[in-house]
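Here's the structure we're looking at; comments come further down.
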Amino acid sequence: MAFAPIGVFGLITPVVAEHGPSALLPLLKVIITVYLSCFLHAAIVYSGAVYFSAKMSPVTFFKGAAPAMMVAFTTSSSSGTLPITMRCAEENLGVPKSISSFVLPLGATINMDGTALYQGVCALFVAQIYGIDLTFVQQLTIVLTATLASIGTAGVPGAGLIMLTMVLQSVGLPLEGMVLVGGIDRILDMARTCINVTGDMAGTILVSATEGELQLPAKKSIST
Ligand code: ASP
């Protein structure tokens, strides 16, 4: 991974030299799409999940989850953020330790909505760049393999990019397409990790609420 930026630079330079800097413009669209989708996913799915399962206001949820979200955003690692995610869930959101200590480590490994979302966007981007029309079945295959690939992705920086190869391969898209998004991977990784971690906390609240174990209101609040 340490040498990846040098490799990406070497692969992108001939593309820019040949087609000009405008070749990088579609990448800006990828960044905007990933960030906007992450925002909508959190605002609709996670807010809905905590509200309907635990009657918790989305504002309370995001306020309590904010320290872990910020650490996830800056470290790009769900696993690295795990201790602070557990503290936020227990001390800010009222999740009992018995539930958070099981659900959150599991979530940090297999629950990666942000990664699946990012892989879907990147697969469509690669198809568009290479002028490949995807059939409806191919699009469904992308949804399925991106979900499976995200489950297999490790909670460390850049892991989702490697698993993207699996998604591209599943529908016969050129693997070289991965290099194009490799150059902006860190920017995308920050957003998707933040969503992954937020999803873990929303999932933990859902489990606690269905078990009747959620202790609201939270007693004390931690910050970064
Ligand atoms: N960095 C992400 C995480 O730790 C995984 C990924 O690369 O998608 O959650």
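Note that the structure is predicted; figures quoted are calculated from it, not measured. First listed ligand is number 1; within each ligand, the first listed atom is number 1. Heads up: numbering here begins at 1 and tracks the sequence. The figures here come from the full heavy-atom set of this structure, side chains too, leaving out hydrogens, waters and symmetry mates.
Under the side-chain hydrogen bond (donor to acceptor under 3.5 Å, both in side chains) rule, Y118 has a single partner from T193, D189, D185, which is D185. Here the options are T141, T145, T165, the test is side-chain hydrogen bond (donor to acceptor under 3.5 Å, both in side chains), and the partner is S170; only T145 passes.
Counting the atoms of ligand 1 from 1 in the order shown, those under 4.0 Å from a heavy atom of G160 are 6 (C), 7 (O), 8 (O). Numbered from 1 in the order shown, with element, the atoms of ligand 1 that lie under 4.0 Å from a heavy atom of S76 read 1 (N), 4 (O). Heavy-atom proximity to A154, at under 4.0 Å, picks out these atoms of ligand 1: 5 (C). Residue-ligand proximity, G158 to ligand 1, at heavy-atom distances under 4.0 Å covers atoms 7 (O). Close approach of ligand 1 to S77 is summarised as follows: ligand atoms under 4.0 Å from at least one heavy atom of the residue are 4 (O). Which parts of ligand 1 touch R192 is read off a 4.0 Å heavy-atom cut-off, strictly below it: atoms 6 (C), 7 (O), 8 (O). Against a heavy-atom cut-off of under 4.0 Å, T115 is close to the following atoms of ligand 1: 5 (C), 6 (C), 8 (O).
Ligand 1 has no N or O atom lying under 3.5 Å from any N or O atom of S79, backbone or side chain. Not one N or O of M112 is nearer than 3.5 Å to an N or O of ligand 1, by distance alone.
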**Step-by-step side-chain contact (heavy atoms from CB on, under 4.5 Å) determination, T115 to M163** = CA-CA 9 Å; T115 299; M163 296 304 276; 6.0 Å; no
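Taking atom 2 (C) of ligand 1 as the reference point, the nearest protein heavy-atom neighbour is T193 OG1, 3.3 Å. In this structure, atom 9 (O) of ligand 1 lies nearest to the protein heavy atom S78 OG, 2.4 Å. Among protein heavy atoms, the minimum distance from atom 1 (N) of ligand 1 is reached at D189 OD1, 2.8 Å.
Taking 4.5 Å as the limit, every side-chain heavy atom of I195 sits out of range of all side-chain heavy atoms of M112. Taking 4.5 Å as the limit, every side-chain heavy atom of L206 sits out of range of all side-chain heavy atoms of F52.
Not one N or O on the side chain of T60 forms a donor-acceptor pair closer than 3.5 Å with the backbone of M56.
L104 approaches M86 most closely through the heavy-atom pair CD1-CA, 3.6 Å.
When non-hydrogen atoms are compared, ligand 1 lies under 4.0 Å from neither the backbone nor the side chain of L161.
Seen from the ring of Y51, K55 counts as a face-on cation partner, given the 6.0 Å and 45° thresholds.
When the shell of 6.0 Å around CZ of F39 is examined, it contains 12 or fewer heavy atoms from other residues, nucleotides or ligands.
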